[in-house]
Structure formats: C-alpha cells, structure tokens
Amino acid sequence: MLGKYDYKQAEKRIAELWNKEKIYDFDEKSDKPVYAIDTPPPTISGRLHIGHLFGLAQHDSMVRYKRMRGYNIFYPIGLDNNGLPTEILVEKEHNVVAEKLGREKFIELVEKTKEKYEEEYKSVFHALALSVDWSLLYTTMSKDVRIASQLSFMELYKMGRAYRKETPTLWCPKDRTAVSQMELEDKSENTKFVYIRFDKDVEIATTRPELLPAIVAIFVNPEDKKREKLVGKMVEVPLFGNEVKVIADQRVDPAKGTGMVMCCTFGDQTDIEWYKAYNLELRMAIDDSGRMTVEGYKGMKPKEAREKIVDELRKGGYVLKEQEIEHDTKIHERCKHEIEFIVKEQWYIRYLDLKDELLRLGAQLKWHPEYMHHRYDNWVQNLQWDWGISRQRFFGIPFPVWYCKSCGEVRLAEKEQLPVNPLVDKPKLKCEKCGSAEFVPEADVLDTWATSSLTPLINAHWATDGKYMDKIYPMSLRTQGHDIITFWLFTTIVKSYLHTKKLPWADVMINGHGLDPHGKPMHKSLGNIIDAVGTLEKYGADSVRYWAASSNLGEEASFQEKDMTSAQRLANKLWNVAKFIDQNCKDFGGQPKEIDRWITARALYVLKDVTALFEDFNYAGAKRAAEEFFWFFSDNYLEFVKYRIYGKDTSANFTLGHVFLLTLKMLAPVMPFVTEEIYQNLFRDKLDKAVSIHVSAWPTFDKKWVDENSLKQGDAAQKVIEYVRQWKHNNKMALNAELAELVVSADLGDTAADVAGAMNVKKMTKGQGSQKIPDTDISVEITGS
RNA sequence: GGAGGCAUAGUCUAAUGGUAGGACGUCAGCUUUACACGCUGAAGGCCUGGGUUCGAUUCCCUGUGCCUCCACCA
C-alpha cells in the first residue's frame, strides 16, 4: 500500500470486484432469513441528478448494514416507463406521435427505452455502489407488469370494488385529453370581474359570465345574516329565465365579490364539490373541444361567448359594475391552453368504506421517522372520494375491458389473455347478459399509481408464477420520499390489503430530498440541476454517500461542497492508518496490554451504539458515532502505541488490527468503497475470510473483551497525555519534545509506559503533583529537560 | 384553509430536565519516521414571551420566521 488513496481508480476496480463476486445476488436456495426491500422505480425521463442519489444512498446504507447482519437480501430495482415523462421522451427521441403509431407499437418503443436507459442508470447506480440485484430488474411497462396491473383491476372488479361513474374531469380542449393535477400550471391573467344583478337581493360577481347558462345553484355563507332570508328561495337567471335555488355553504367567502357565488357545472373545483355534495343538476355549456353548446352561442369559444353575454347583460341592465382584476387560471403545462371541466365516465376503486382498516394498517406499520405516520393518517381521515383510476390518455396500460354493443354490459378479459389491448384484441366470450358478440373497447388507460401501487406484488410474481410470494411477501421494508406518502405508499397499502389482506411491508423508511446549495429543490425549470454522473466522477461515490448520510432520515439537505471535502479527508485518513498498519505490522498477533484493552473496550461500546442506531434506521447517527470513534482512535490510541511499534514491540498488533477492522466495518455501509479497498489489502484472509467486507459478519459486542480496570487506567492515561500536550503547547514545545520527569498521582498501571512513550518522558513517577488536571482528581508535575 | 417539520457559534449540524458535542471557517503553536487532505491549542452558540419544575436549550402554551405536503383561489 503506497501513495495516496486514489478513489477514482479504486472505486472502479472495486465495483468490478463486487460484480465478479456477485455479492448482491438474492440467493434463492439459502435458508438465511430474507430481507426484502420495495424500492422506488425511478422514472425514465432523462438524466439523474444528485437529488436522486441522496435518498438512494440513504436506503443503500441501511441495506448494506442488513446484509452484514447476515440477511439474504432481496433488493430489486425497477425503472418506471409507464407515464407521461417517458411518453414525451419517446415521442421526442423517435420523432413519433403515440396516437398515430398505435398503442402496441408505441409500447414496444417504450420498452426499448429500457434497454438504452438500463445501461445508463446501471452505470450511475453502480458508480454510487447501490447494492441492488440487477437480475431482479423490472419496468413498469413490461409484459409481466401489464399482466399484474390488468389482473389487479379484474380482481377488484370481481370483488365489486371497481365501478364506473360519470365524473367531471380536468380537460384540455386543445389536446382533447384529460390532464392530471400535476400537469397544471398557474397563469395570471387580467380579466373582468363582472357584477351581475339577478334581482333586487341577488347580485353576483363572476369572472366567467359565459357560464351563466350552466348555472345550477347560488351559494351564500351560512353566517351571512344579510342573506339568511334568501336561503331556500328560487331565483331567476337573467337572459335565460330558468330558476335556481339559493343554498348556504361555508365554502363561500362573504367578503369576496358580493358574498354570493354562482355554481355552474363546471367552472372550478368548488363547483364540482357542490355538485357532488348537493346532488345538483348537470348542465354543461362547453364540449370536448372547448366550444359552447348553448343555443345562441353554439360553437363559440368561451371568451367570445363571454363578450356576447356581457354585452347582452349590459343591454338588459343587469350589469352593475365591471372591475379589472388579476386572476389565476389553470393552464395545461404542455400546450398552455386553459383547462376546462368536462364530464366523462371514469373507473373508480371503492375504498371510502375501508378508512378504519387503512388507519389500522397504517398504525401497524413501523414508520421511520415516526412522525411521517401523521401524514398518512391525515390523508386517510380526509379522504372524500373514491380512487379514480382511469385516464383518458392513449399511452398507458389499458383496461382489460370491453362493453357490450347492444346492452352495455362490462366484458372482462380472460386471465390467460393478459396482457390485453382491447383496442386490438377481442373478448373470448360473448356478453354474459345478452349473448351479443359485438363489443366496444374501453379506450382509457389505468392511472400510473394503479400500477406502481403493486410493486410488492410485482416483485413477488403475484400475477404470474407466484414464485416469491412465500419467500418475500410481505416485504421487510419500503423506501421512498415523503412527497409520495399520499400516493405511492397509501395506494400500495390499499392494493395489498384488497388483494392479500396484508400490510405489504413491516417497516417504511421515508427520506427527505437533496437540495441545491441554496436549499432549493432541483428542477429543470430552475436550472439548478447538479448532475449525478459528474458529481460522482468529481468527488467519488463515498463522498456523495457521506453527504447523504450526514443528514437525518426524513430531512432535506442542501448539497455542500464541504461535505465532499470532509468525506475525502476521512477516506484519506482511513487510507493512511491502513498504510501505517500495513508498513509496521507483519501480522496481527501479540499479547495486548492495558492501553490496548482500553481502546478495545472503547471500540466495543461504540459498536454497541452504532448497532443500536442502525437498528433504528438511524444511519446518520451510526455514521457520526463510527466516524468520531475513528478520529479518536487515530489521534489517541495510534499515537499512544507508536513508540512500541517503532521499537519492534508487536504487542499492539493484535489490537491495532482488530479494532481498525471493527471500525472499517462500522463505516462500510456508508463508505463502501474505501472500506472495501482497505479490507482487501489489509485484512482479507488475514483477519476475516469473507470475499468482501460487505458480506462479512457484523461484529458483535462481547462483554468478555471489556476490562473495566483497563478502561479506567486508559482513560486516566488519556487525560494525562491530553494535559501534557497542552502543557507542551503552552510552552511552545514540539509534541515529541523530551521531558525529564512526569509525576502522576493516578494509578496508571502499565499504561504509564505508554504515556512515557507517547510523550517522550524520561522518568515516570507515581506521586502527587502541584498541577491538577481539570475535571479529574489527578494531579501531575511536569519537568522539562 | 388543513396537516407536519424546523429554529442551537460566521456557516452546517448533534445530543440533552442539571457544566451544549462535532465539522467547516477564524486565530495561534508544532516539519511528530501513516497523513499539512496532518497534529496541538484558543476564541465563539441554545429565536420571542409565558407556564410546569428546586432547576428548561430540552417538556407544555403563545408569538415570530423558514420549509414541506394536502386543499383552495367565484
């Protein structure tokens, strides 16, 4: 072992070693206890940034600890190509439009992205030392996953859990597609707030007068004394002449506008809530293409209709006031067109009746950190609607469903037909109700959460050969970010419960996010992305992992250059200690002395703490404790025994080797590369037989190695040395400057020799001195040369 | 509007019902046969107000500030 630690070439070489030795493979034949992890499949959308690495590194450190504890690790990896980001990526890369290419062909292309990006992701994850088993790779668009997703739907339908209902949905009239909340953007717009008088008591301010023909009710606040008498009355709508009822609801802000609101189906989200809550009439004024459907305005765009209606209202004397305001509207982020609400038939999973069950399951799950449980509870308690799982999109996993052309009855696919594309495939059987053989396919696709909520079942091969159901399900651990507790975590519990009546995992580990140096989330639009590959190359994986392990689980952490420096210093220090041992110790034999037993006992107490911290998913605390001990070990113990080493006395060798190996093992989960490099060079086949430190046994605390007397004398010796160091510093002496005599009151046993050796003292004497060491009952007398 | 988190030296951060630990930075000393990416020493800190307590940085309440998730924006 020579020169400095070169992490660039070491990390590369070691990654190859791990590959060759297959240390991450799940062993199907082993009878060791299984530890199975349900991991978040990253979206295939482009390049990874260090925010991604942050959570992954935290998870991996925990998994590495578990591996050293002797578990048979099932650590799969998925790639998510079932979603809008991948759809956009594929369309761009292949210069195609999904809808024109056809679903089958497009899915083929999407599956091909797996091959290309698998290599890219694999190289990044390998560089990070993510210890997943690549033979367990799945994609969320693969054949098996499509089967699982469709089978899940079919089972839920048969259970009576899946149903179809007309529902207002967010709709982009330009793209003629449903959009999700996530695809919305706010746009501030100058518009007119038009105050319309219905009658002498009813005046309403609105930004969307063109929806007047779609008005189905008028709302006032129940606390609004002025309007109390109006509640329950019918009011005539200007221009259109129909009558609508006045209803009291607390969602109305009495201070806004006139304090009265018209509810139109549908102008905004509140209209939808009211429509559902009060069972209001459905009166649509706008169609799929965003054009008016009302007589007299047919075919007009809403804005044109608005002008015309306001004009007519003015002429009729209904307009009291027009006020210019700035107003936020929702637009579709892709095409920037304004969003409307359109009514479509949608599939739902009925689960509101399961709230109590779901809360009970949430309470059974062991949350790390604990407080994340609140978010889940809060979400479940406030659920108001069933789970909408259909999306009016072209790309996605199709519903395995047709409808009978003559009676409309639902016709499910047969299990052996899966995966099925109803747009192309035909049902095997006739209509159960009327016997017709003519069917209309369901064109919608399943929401991506309907699929990703199955990851534990996907990993267990639930829908196909079921080969891992007994072995890994329920899984040991789910790892994920806190932002998707209400989506991924929640829906996974729902599905697992519905299909297996079980909680899908025992523990859940929720990570925070890695942020840019200013504490802002990394986003393409913010232009603050710190690239994963570049960072790993520049600083090495151990440094990036050190950064990730520096913050407590669940907390956000900004990327700091100084963490990289600290990590590199630690790696370098480890390397230098290794070099020192390598150069000076032929073997790890020798009879330990007092000070050796002292550091051994110290090390074991630290091991006890570190183990407990890891058991509590506190990789951050474990890393801190292990690191702190290492610096203590090298600045103290190593200095104390140097004189013996240089004097060809081998009595410290045993301890030096064992304690340093113990330290390396404690740091191995967080810094897998440098610890492995040292392990291979220094300890493999000498102190440990394992092919890799990462499959070596986690050390155990054994009381028999703790000698209380040595602990006491070693602590005293350490205090004395500390004091002498200070004394030499105050006297502007070099630390190895010779001292004629040192008188110490405490009983140092044979550690007195180490004090003399470390501090270059000619004569050690036991007795009272004139100087008292603070915070101890030890007194000393120091005589210079 | 609902929920959750955070507040500790110039910066990042740990633990804790009784003298608050570490890292970076700063200052000073030391070429000490692994390491100047080092060693040794020094200076420097608990957001406001109230409560519980013999004692609160820690527990409770309040305020303020910051962050996140969810909902909403006629």
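Computed from a predicted model, the values in this text were never measured in an experiment. Residue numbering restarts at 1 for every chain, and letters A, B, ... go by the order of the sequence lines.
Nucleotide B/rG65 forms a pair with B/rC6, judged by Watson-Crick or G-U wobble geometry with both contacts under 3.5 Å. Across every strand in view, B/rU58 sits unpaired, with no contact that passes the Watson-Crick or G-U test at under 3.5 angstrom. With a cut-off of 3.5 Å on both pairing distances, the Watson-Crick or G-U wobble partner of B/rG38 is B/rC30. Of all nucleotides present, none satisfies the Watson-Crick or G-U wobble test against B/rU19 with each distance under 3.5 Å. Pairing for B/rU53 is absent, judged as Watson-Crick or G-U wobble with the two contacts each under 3.5 Å. Using Watson-Crick or G-U wobble geometry with both donor-acceptor distances under 3.5 Å, B/rA43 finds no partner in any strand shown.
Comparing B/rC70, B/rA34, B/rG21 against the side chain of A/Y646 picks out B/rA34 as the nearest. Among the nucleotides B/rA34, B/rG29, B/rC39, the one closest to the side chain of A/L735 is B/rC39. The side chain of A/N572 sits closest to B/rC37 out of B/rA23, B/rC37, B/rA28. Considering only side-chain atoms of A/N378, the nucleotide from B/rU32, B/rG41, B/rA3 that sits closest is B/rA3. Nearest to the side-chain atoms of A/H729 among the listed nucleotides B/rA28, B/rC70, B/rC37 stands B/rA28.
The interatomic distance linking A/N730 (CG) with B/rG41 (C1') rounds to 7 Å, in whole Å. Put simply, CD on A/E639 is 11 Å from P on B/rC35, counting in whole angstrom units. If you take CD1 of A/I485 and C1' of B/rG2, they are 16 Å apart, rounded to a whole angstrom. The distance between atom CG of A/L553 and atom P of B/rG5, rounded to the nearest whole Å, is 15 Å. Separating the CG atom of A/D483 from the C1' atom of B/rC69 is a distance of 9 Å, rounded to the nearest angstrom. Per the geometry, NE2 belonging to A/H482 stands 14 Å off P belonging to B/rC67, to the nearest Å. Here the C1' atom of nucleotide B/rU33 and the CG atom of A/N576 are 14 Å apart, to the nearest Å. Atom-to-atom, OH of A/Y546 to C1' of B/rC24 comes out at 10 Å; the value is rounded to the nearest Å.
Counting only distance, with no hydrogens or angles, the side chain of A/W387 and the backbone of A/V494 share no donor-acceptor pair below 3.5 Å.
Partners of A/Y605 by ring pair (Phe, Tyr, Trp, His ring centres under 6.0 Å), not counting sequence neighbours, listed by chain and number: A/F701. With sequence neighbours excluded, the residues that form a side-chain contact (heavy atoms from CB on, under 4.5 Å) with A/E738 are A/N760, A/K762, A/S785. With sequence neighbours excluded, the residues forming a side-chain hydrogen bond (donor to acceptor under 3.5 Å, both in side chains) with A/E561 are A/Y539, listed by chain and number. The side-chain contact (heavy atoms from CB on, under 4.5 Å) test applied to A/K4 returns no partner, not counting sequence neighbours.
A salt bridge links A/K303 with A/E338; the closest basic N to acidic carboxylate O contact falls under 4.0 Å. In summary, A/E722 and A/R725 do not engage in a salt bridge, as defined by a charged side-chain N under 4.0 Å from a carboxylate O.
At B/rA3, none of the side-chain N or O atoms of A/Q381 fall inside 4.0 Å of OP1 or OP2 (strictly under the cut-off). When the side-chain nitrogen and oxygen atoms of A/K573 are compared with OP1 and OP2 of B/rC39, one or more of them lie within a distance under 4.0 Å. Of the side-chain N and O atoms in A/R569, one or more sit less than 4.0 angstrom from OP1 or OP2 of B/rC24.
As rounded to the nearest Å, B/rC6 and B/rA42 have P atoms that lie 33 Å from one another. Spacing of C1' atoms, B/rG10 relative to B/rG5, comes out at 26 Å, to the nearest Å. Taking the P atoms as reference points, B/rC39 lies 14 Å from B/rU33, given to the whole Å.
The residue A/W575 sits apart from the nucleic acid: no heavy atom pair falls under 4.0 Å. Using a 4.0 Å heavy-atom distance criterion, A/D582 is classed as making no nucleic acid contact. Note on A/L570: nothing from the nucleic acid sits closer than 4.0 angstrom, heavy atoms only. Among the heavy atoms of the strands, none lies under 4.0 Å from A/K728. Across all strands shown, A/H513 has no heavy atoms under 4.0 Å from either base or sugar-phosphate atoms. At a threshold of 4.0 angstrom between heavy atoms, the contacts of A/Y5 with the nucleic acid are absent.
No option in A/D596, A/T650, A/N653, A/D649 other than A/D596 meets the side chain to side chain donor-acceptor pair (under 3.5 Å) test with A/R644.
Screening residues 202-222 of chain A for salt bridge (Lys or Arg N to Asp or Glu O under 4.0 Å) gives A/R208-A/E210, A/R208-A/E340, A/E210-A/R306 as the qualifying pairs, with residues at least two apart or on separate chains.
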Problem set entry | Contact state string [nucleotides 8-17 of chain B, B base, S sugar-phosphate only, - no protein heavy atom under 4.0 Å] | ----B-S---
